[in-house]
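Scroll down for the structure; my scribbles are underneath it.
The analysis underlying the following values was restricted to heavy atoms, covering all of them including side chains, and did not include hydrogens, waters or symmetry mates. Please read all numbers here as calculations on a predicted model, not as lab measurements. Order of the sequence lines sets the chain letters (A, B, ...), proteins ahead of strands, with each chain counted from 1.
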2 protein chains.
Amino acid sequence: MSGSIQEPVVEDCAFDVFARACPSRGTLEHVTGRWGGLALGALYEGSLRFNELRRRVDGVSEKMLSQTLQALERDGLVHREAQPVNPPRVDYELTDLGRKVAERLLALIHCVEGAMDEVLTARARYDETRGAR
Amino acid sequence: MSGSIQEPVVEDCAFDVFARACPSRGTLEHVTGRWGGLALGALYEGSLRFNELRRRVDGVSEKMLSQTLQALERDGLVHREAQPVNPPRVDYELTDLGRKVAERLLALIHCVEGAMDEVLTARARYDETRGAR
DNA sequence: CAGAATCCGACCCGATACTG
DNA sequence: CAGTATCGGGTCGGATTCTG
């Protein structure tokens, strides 16, 4: 044991999002990013092909969907299954890890959706009191 | 009453994030945005002053923190209490709604933090197979 | 201390065109 | 169908300066 002089204490929480340099921030941003969350949410209902996903996530461009899926696949949250047929067919589905994350994410999404009345009311009040600016 | 001609049917799911124009997307982005989530997470532990928050959320600039807090206050997730003293003292704390949202958010954050080993492994594998690219 | 205002570069992201 | 490549505007966001 070695009473080392003074444990610099890297902290036991090795992956603390609050720390600037932590890799978990990056993953969290993939998950909560503009399209990442919606993609995970859509895939939670089941496997989807590229364009099915594109239609489900209203407003996403091909480029962004592609980019988003690659990030999620790289992080091990989404599995990509490409069949070498013609026309090409590629299916996306959540991994076990992806499903766990998606559950938490959906809980958050539903919480926010369900609170929108309250949010809208709060906004109106805020804009009224200091909205005139 | 008033059989108005045809209810435009705003849909029963009045606030569906998957719909492009839904206001819940905006709020969700405030919550899950780069700094919004971290601010909510930090405030979950208790009321904080501006600069305390700034130190807790490592890497955020004054500008972004200020901007973030305003958005969250407007959405009714954060309460801002300014005391007219000198030097000025302003405390931020979660509202009831904010606390509910923060709970879901922290569940997600901890889930991601806890999965980072797995994520990092997945990344390494991904980069190896097609990383040469 | 708690911000507001301004400047300015980086990159996000959508539209378009092209490939297999 | 399932993407990639390229371009360009808009926004994000950091550094700095200023106020009360």
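Formation of a donor-acceptor pair under 3.5 Å by the A:T129 side chain with backbone atoms of A:Y126 is found in this model. With B:N86 contributing its side chain and B:P88 its backbone, the two residues share no donor-acceptor pair below 3.5 Å.
In this structure, B:R49 forms no cation-pi arrangement with B:Y92, as its terminal cationic atom is not both closer than 6.0 Å to the ring centre and no more than 45° off the ring axis. Figure legend: B:R99 and B:Y44 shown without cation-pi pairing, the cationic atom not lying both under 6.0 angstrom from the six-membered ring centre and within 45 degrees of its axis.
A:S66 has a side-chain polar atom (N or O) that falls below the 4.0 Å cut-off from OP1 or OP2 of D:dT4. At C:dA2, one or more side-chain N or O atoms of B:R49 fall inside 4.0 Å of OP1 or OP2 (strictly under the cut-off). Residue B:Y92 places none of its side-chain N or O atoms closer than 4.0 Å to OP1 or OP2 of C:dC1.
Side chain to side chain, A:R54 and A:S66 fail the donor-acceptor criterion of an N or O pair below 3.5 Å.
Comparing the start and finish of the helix from C:dC1-D:dG20 to C:dG20-D:dC1, five pairs each, the helix axis swings through 40°, to the nearest 10 degrees.
For the residue pair A:A115 and B:L97, the shortest heavy atom distance occurs at CB-CD1, 3.4 Å. Between A:R123 and B:P23, the shortest heavy-atom contact is NH2-O, 4.3 Å.
One interatomic measurement links the two molecules: CG of B:L69 to P of C:dA2, which rounds to 11 Å at whole-angstrom precision. With rounding to whole Å, B:R54 atom CZ is found 14 Å from C:dA4 atom P. Here C:dC1 presents its P atom at 16 Å from CZ of B:R80, a figure rounded to the nearest Å. Atom CD in B:E81 sits roughly 15 Å away from atom C1' in C:dA2 (whole-Å rounding). To the nearest angstrom, P of C:dG3 lies 14 Å from CG of B:N86. One can place CD of B:Q83 at 12 Å from C1' of C:dC1, the figure rounded to the nearest angstrom. In this structure, B:L65 places its CG atom 14 Å from P of D:dA15, rounding to the nearest Å. B:E73 has its CD atom 15 Å from the P atom of C:dA2, to the nearest Å.
Note on B:E81 versus B:R89: no salt bridge recorded, every NZ/NE/NH1/NH2 to OD/OE distance being 4.0 Å or above. Salt bridge annotation for B:D91-B:R80: absent, with no cationic side-chain nitrogen under 4.0 angstrom from a carboxylate oxygen.
B:Q70 comes within 4.0 angstrom of the backbone, heavy atoms only, and of no base.
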Review item, nucleotides 12-16 of chain C N/O atoms under 3.5 Å of protein N/O:
from	atom 1	to	atom 2	distance (Å)
C:dC13	N4	A:K63	NZ	3.1
C:dG14	OP2	A:S61	OG	3.1
C:dG14	O6	A:K63	NZ	2.2

